[in-house]
Amino acid sequence: MNFSQYFAEAFSVLLANRVRSILTVTGLVIGVTAVIAIQVLGAGMAGAVSGILGPLNDQTFVVVPNQRQADFTRAAIRPVDLDRAGQAIPNVVAMIPAGGQRLVVSYGHGHPHVTVGPGVPERYATSTPIRFGRKFDDDDIAGGRNVCILSDAAYTKLGVSGDPTGGSVRVGDRRYTIVGVLGVDKTGILPLNFNLDVTIPYTSYERDIQHGHPILFTRVLMADGSKVEQTEADTLDWLRRIKGGRVEYQTIDRKAFTKGIDGIFQAITVVVGLIGAVSLLVAGIGILNIMLVSVAERTREIGLRKAIGATRGQVLIQFFIEALALSGFGCVVGLVLGVGLGAAVNDLAIVHLSGVVAPIPWLQSILIATVFTTVVTVAFGTYPAWRAATLDPIEALRYE
């Protein structure tokens, strides 16, 4: 008997007991569906996180006082310290104020409170697309020009319509010419906004709004973004020296932020994956049970086969293939449902909210389904097949 005949006979036996076969593989289908869907959604979430964090610039990082110290306000940095950071710290181009201030900004008949903060040259800016105009250039920064860029939110708050570049807004007693309007970053999954409502060159911000007051939160611009870890360490050491070692700071950069978010998603994936693994274990036990029942029901048939010349190996292969057919069917159906469910949720929710389309891990999903098929078949199909193969033919023929 060749393998095609073994498979044909195995399928005929399973079809003859189709209700029992379907109920047996249902648990396996659910388990594989859950695990595969998690893999697909994990890929989608990873892509979404990359897209959400895309606006962060790899050539900058933020320094903040450690909140656990007794008096973190002592960590305030003086404007003179900002001015000399570029010469004192290797790879640092400039250290500037981070964050912004809520101020009244006037445009036309609108006078809303919005956040006004320091802007940087385009190479250090977020990757948010431009809707109108341009981002800041080196001349804007070096000259401390009275120019500004509006975020998409500010565009709405100020009641702007059309292309406002060339117009101006009033902040306090100064006017700033609008040179650009930012587009939208789709970050619905994590409601993050890395852009201030109104940005002006950081040199203008220090002159017109900061007014020489110390600051707590600083943003560091680097010449070489690949040296971020060393630059962060050098910056923290320098700040501790100028403060006499009395304060503690910490840094936030794109890499660290991404690592933290990825850790959260990985933990969730592991927990849900373990739940799916329990379902697979229960399904495997179900296959083991039903195969033992099948061996008991077909004891006389096994005895007859052996009496007319069937070897132990042939009987073993026959029942092993039946177990393989059950687990293979369950894993294939689970693979299709898992990918379909994961892709549907990814398209309808994750992609819709984040605007990032991540590729579906087909190869990884197929590999996982194949591994599950192999493990379930070997772990739970071998013993029933071995038991059938080792039955004594005379005792089997006497079995009632």
Side-chain angles (χ1 to χ4, degrees), residues 1-40 270 272-306 310-342 364-392 396 399:
M1 182 181 291
N2 56 39
F3 278 99
S4 61
Q5 292 175 310
Y6 282 125
F7 275 103
E9 185 170 342
F11 282 116
S12 66
V13 171
L14 296 177
L15 287 174
N17 301 279
R18 59 176 62 89
V19 175
R20 186 171 69 183
S21 299
I22 291 173
L23 292 176
T24 300
V25 300
T26 297
L28 186 59
V29 170
I30 294 173
V32 174
T33 299
V35 173
I36 298 299
I38 292 167
Q39 297 299 316
V40 175
V270 168
V272 181
L274 289 175
I275 296 173
V278 171
S279 176
L280 290 173
L281 176 63
V282 173
I285 294 173
I287 291 177
L288 172 63
N289 179 63
I290 205 65
M291 290 303 299
L292 289 173
V293 170
S294 179
V295 170
E297 290 179 344
R298 297 162 62 188
T299 299
R300 287 180 61 85
E301 174 192 330
I302 295 169
L304 184 59
R305 283 173 177 264
K306 287 191 169 184
T311 65
R312 283 189 176 186
Q314 290 173 325
V315 175
L316 178 70
I317 292 174
Q318 179 61 45
F319 281 87
F320 191 81
I321 287 178
E322 289 183 22
L324 176 62
L326 279 174
S327 58
F329 175 78
C331 289
V332 169
V333 174
L335 169 65
V336 174
L337 292 178
V339 171
L341 179 63
Q364 180 177 332
S365 300
I366 292 172
L367 180 61
I368 291 173
T370 303
V371 170
F372 282 150
T373 301
T374 304
V375 171
V376 171
T377 302
V378 173
F380 300 101
T382 301
Y383 175 69
W386 174 83
R387 184 171 179 177
T390 56
L391 285 176
D392 182 85
Y399 184 81

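- Within 6.0 Å of CZ in Phe320 there are more than 12 heavy atoms belonging to other residues, nucleotides or ligands.
- Here CG of Leu28 is found 9.0 Å from OG1 of Thr33. Values are rounded to the nearest 0.5 Å.
- For the pair Val29/Leu337, a side-chain contact is recorded, criterion being any heavy-atom separation below 4.5 Å from C-beta on.
- Residue Ile36 comes nearest to Gly338 through the heavy atom pair CG2-C, 3.9 Å, listed as atom of the first residue, atom of the second, then distance.
- We find the CD1-CD1 distance between Ile290 and Ile285 to be 14.0 Å, quoted to the nearest 0.5 Å.
- In this structure, Ala37 and Leu341 approach most closely via the heavy-atom pair CB-CD2, 4.4 Å.
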